[in-house]
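Small disclaimer: the values here were computed from a predicted structure and weren't measured. Order of the sequence lines fixes the chain letters, A, B, ..., with proteins taken first and strands second; residue numbering starts at 1 for each chain.
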Amino acid sequence: MSNSLIRVNNLKKSFGGLKAVDIDDLNFKSNELTSIIGPNGAGKTTLFDLISGFQEEDNGEIFYKDKNITKSQPYKIARLGMVRTFQLTKVFDRMTVLENLMFAGSSISNDSLLQSIMKLSKQKKYEELLQEEAINVMKDLNIEQMSSSYARELSGGQKKLLELGRSIIKKPDVLLLDEPLAGVNPKLAEDLLEIIQNLSNQGITILMVEHNIEAVMKISERVVVLAEGALIADGAPQEVRENQKVIEAYLGTGDE
Amino acid sequence: MKLSIKWLVTILITIFSIYLVFALNDEGPLRILFNLLTFAGIYGLAAIGLNVHFGLTGLLNFGHASFMGVGAYVTLLLIPHAAGREGEITESGLPFLLAVFIGVIAASLFGLLLGLPAIRLRGDYLAIVTIAAAEIFRLLVRDLESITGGVYGIINFSDSLQKYRPIFLENFVSNYELNPSQIWVGLLSWISILFVLLILRRLTNSPWGRALRAVREDEDAVRALGKNAVWLKLQSFMLGAGIAGLAGVFLAFNYGSLQTTTFVPLLTFYVWAIMILGGVGSLSGPIFGSIIFWVIISETDKLASLIFENANGQQLAGVRFVLVGLLIMILMIFRPSGLLGKKEELLLNVK
Amino acid sequence: MIDQLGNGLLLGIIISVASVALSLLYGVTRIVNFAHGEIIALGAIVTLFLSGPVDSKILFLERFSPLGISFAVSAIIGVILCGVFGGLLELLLFRPLRKAEVGNIAVLVVTIGLSIFIRHLYLLFATGRVQNFPLDLERRQTYLFIEMTPRNFKVLIAGLIVMIIIGLFLTFTRIGKAMRAVRDSGELASVSGINSDNIILFTWISSSMLAGLAGIFQAIINDVRYNMGFLILLLIFAGTVLGGIGTSFGAMVGGLLIGIFVQVSVALPFMEGHTEAKNAVALAIMILILLFRPQGIFGQKERIS
């Protein structure tokens, strides 16, 4: 009915008495790179949690591709092509980098107990293709030398890369990136930004929560500002930067 | 290279343990050895099941005794047996293999039931729930005397299995004054171990095994990648519980009678000790862990009766439990990877 | 059913005191202590050893003769020794594990090993048989409408007083506040200037003293046996869970409710002839609570999945 890919209606969530998210209406268009910013406790991660199904809202509705996903389980939402990352990186510590990626790329039927017991040649072929794909992703992200390392041996930045790689191996339509640059050294942050930009250019819709304002302003097509759970500004980076409310609520506090 | 040293040490310790049985027992070392090997086979099988839960999937299952119990009770109730105070005899029954099959499936389904809390609960809470559920099972079995025989248990069921005992076994044991029925049970449990290990080796290296390990590492990430973590956990619960159910059947036939007291939490802790000793997450670890464990137990019993002359049977059994407790603690503190566990995959930093 | 209410209150007060102890320890250290039951038994065993008649060879192996000290003094020493034992556990076992950053799951397994180990040491060296404190038999009397012996009634009152003291302690003293702060924040960072190691040590000591007291209560009301703590451990878990994990007040009420429930359920019509299964019902309630109201009756909503 509209050209919006994700639509949030009258969404409310509070913890105890504290309002975490209270958004009347928010749309994300296909193929756009949107950053969500706001001071700590503005409800950015909670918004991600609600959209990706990891938390249940008190009120409101969320649509994805005009499908109501409000009550959907996280894994079902992910299967619709919307994949998220986490603020605190969640790699599979005691699996190798390659295994991390292959698990992420593997299909439901390939993972099934039945196929795995029967060990058909079909599965073997699928796994070979999967491995190739995983190697390609590692090459793109420049972590192929870590292929057989356990994920927990990676540096913080490399873990971010791995998590990103895991999210894109299945070519999702939407990526929700929760602070992809947090704790990453400046050099790697540059690389990551470029990768994110490339993904966007390839047609993936990206929503990104990020504290690094410089980076946000550089690559975002649109910036959404939250404060105390509510939407206070929404527009092109330049507009938002000059918005008085934003300056007061966020930039004005001298926070970064 | 490192791997092979680990294996070498494990095999040497195992051989040394078996040697100890001969060195310390002047009379009938072979009988003692076969007795403990039977227990080792049964408990090893149970530990392999537990390893599917904990080692592979990270599920903190402390209700293992109940899976063994369900397997044993369902199977025995389906074959000819005598139960209860009066020893009420049930003469008819299903074909033996079918009964075992149903018993294993029942244990699996009980695993599914016990796995349901695992959908919502993380580690330590799951531990409490599973141990409580296992106790509920045991209390109910004890309470439902009209069906399960209650505290009087079930007897006279061994024929169903022993009638299949091959002749060559008879010939073999008669030379050494061994107990043929026990050897038959032991043999079958070790055959089952081999069979189960073959299947599990396939599975752990498969995409399914990879998925379970991912669940073990981080469930949220698994869900964020579009995988149904709940279903994976339930599958793991069912598979491990089924294996434990089979072990329970063997346990019953080894004792020749079935008592509710067999399935107290201590049974679960035995299996845990064996799994940790063998190596959490190591497929064949429980085999070696179990043999060494039972040599320790069996020699401790003898030692105990020498040291504590006027102790009663319950207290003598206490000596072995003192050792089991100590073993669990020492391993967990100083060598949590056990004999064959991978240090890199230790479940230590699990919160 | 009224008959059972008295028994329920008595079982309830035992579980309640023990649940508060367990919940305090869990709140501050995040350790699910399966050896809690053994500390409970220790209180009873030490008291029995101190107060038993000198000439009675009541203890196993007939190696130790009881000391025949007055019962009250014995009980006090019993509680103190439990505190010392808890402190030693922290200093010699759990603090080193914490410093080595051993995970919670591993520590949980260690407490299980510890529980099996200590329990069977009791079996070997202390009480192979069921025994009783050297106390005179008493006739039951009626209090309001509930019948129990005067001694058990005193236990009940003493238990309630202890609860009040714990409540006041947690609310008003500096270290009590610090313990709550550590518990609520879930962080072990230094709070209000008190070193977190000391808070944990203090928690171990006080939790163990409470557990020992619960054990003495249990032994007065019932008897002394080597596995007395382990027998009620799951009920203690149930009490803690019912009230809300990590709230001391919740653990008090939860423990009391579980005790009452277990005993009163015996008198329910559908339980007729199934008294053996009474604990099963309490455990089933615990599981249901964990699944559907994990924060318990009084707990704050906490993420436990």
Verdict with reasoning, C/L234 to B/I131, per side chain to side chain contact (heavy atoms under 4.5 Å, CB included): CA-CA 8 Å; C/L234 287 178; B/I131 194 173; 3.5 Å; yes

Ring centres under 6.0 angstrom apart (B/Y270, B/F321):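 Yes, the ring centres sit under 6.0 Å apart.
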
C/F237-C/F34 aromatic ring centre distance below 6.0 Å: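 Judged by ring-centre distance (under 6.0 Å), C/F237 and C/F34 do meet the cut-off.
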
Between [X] and chain B, with a heavy-atom cut-off of 4.5 Å, which part of the residue counts as in contact: side chain, backbone, both or neither?
| X | value |
| --- | --- |
| C/I112 | side chain |
| C/I118 | neither |
| C/L114 | both |
| C/L121 | both |
| C/V110 | both |

Examine whether an atom of [X] lies under 4.5 Å from a heavy atom of chain C, and if so say whether it belongs to the side chain, the backbone or both; otherwise answer neither.
| X | result |
| --- | --- |
| B/I128 | both |
| B/F62 | side chain |
| B/A133 | both |

Cation-pi check, B/R138 onto B/F263 ring (under 6.0 Å, within 45° of axis):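 No.
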
Heavy-atom contacts under 4.5 Å, residues 279-288 of chain C to chain B: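 Listed by number: C/N279, C/A280, C/L283, C/A284, C/M286, C/I287.
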
Expected output: side-chain C/E38 to main-chain C/G229 donor-acceptor under 3.5 Å: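 Checking the backbone N and O of C/G229 against the side chain of C/E38, no donor-acceptor pair under 3.5 Å is found.
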
Sidechain N-carboxylate O distance under 4.0 Å for B/K227, B/E219: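 Answer for the salt bridge query: no.
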
Check: B/Y152/B/R142 side-chain N/O donor and acceptor closer than 3.5 Å: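 Not at all, the side chains of B/Y152 and B/R142 share no donor-acceptor pair under 3.5 Å.
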
Test item: side-chain donor near acceptor, B/D124 and C/Y26, under 3.5 Å: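 Side-chain D/A pair, B/D124 to C/Y26: present.
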
Matching residue for B/Y43 among B/F269, B/W294, B/F293 - test: ring pair (Phe, Tyr, Trp, His ring centres under 6.0 Å):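 Result for ring pair (Phe, Tyr, Trp, His ring centres under 6.0 Å) with B/Y43: B/W294.
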
Winner by heavy-atom pair count (cut-off under 4.5 Å) against chain C, out of B/I330, B/L326, B/L331, B/I333: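 Among B/I330, B/L326, B/L331, B/I333, the one with the most close pairs to chain C is B/L326.
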
Heavy-atom pairs under 4.5 Å with chain C, option from B/V322, B/I328, B/L323 with the top count: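 Looking at each option in turn, the highest pair count goes to B/V322.
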
Pair B/F67-B/L114, side chain to side chain contact (heavy atoms under 4.5 Å, CB included): steps then yes or no: CA-CA 9 Å; B/F67 301 142; B/L114 227 79; 3.6 Å; yes

Spatial distance of atom CE (B/M275) from atom CG (B/L50) [nearest 0.5 Å]: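 B/M275 atom CE to B/L50 atom CG measures 4.0 Å (nearest 0.5 Å).
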
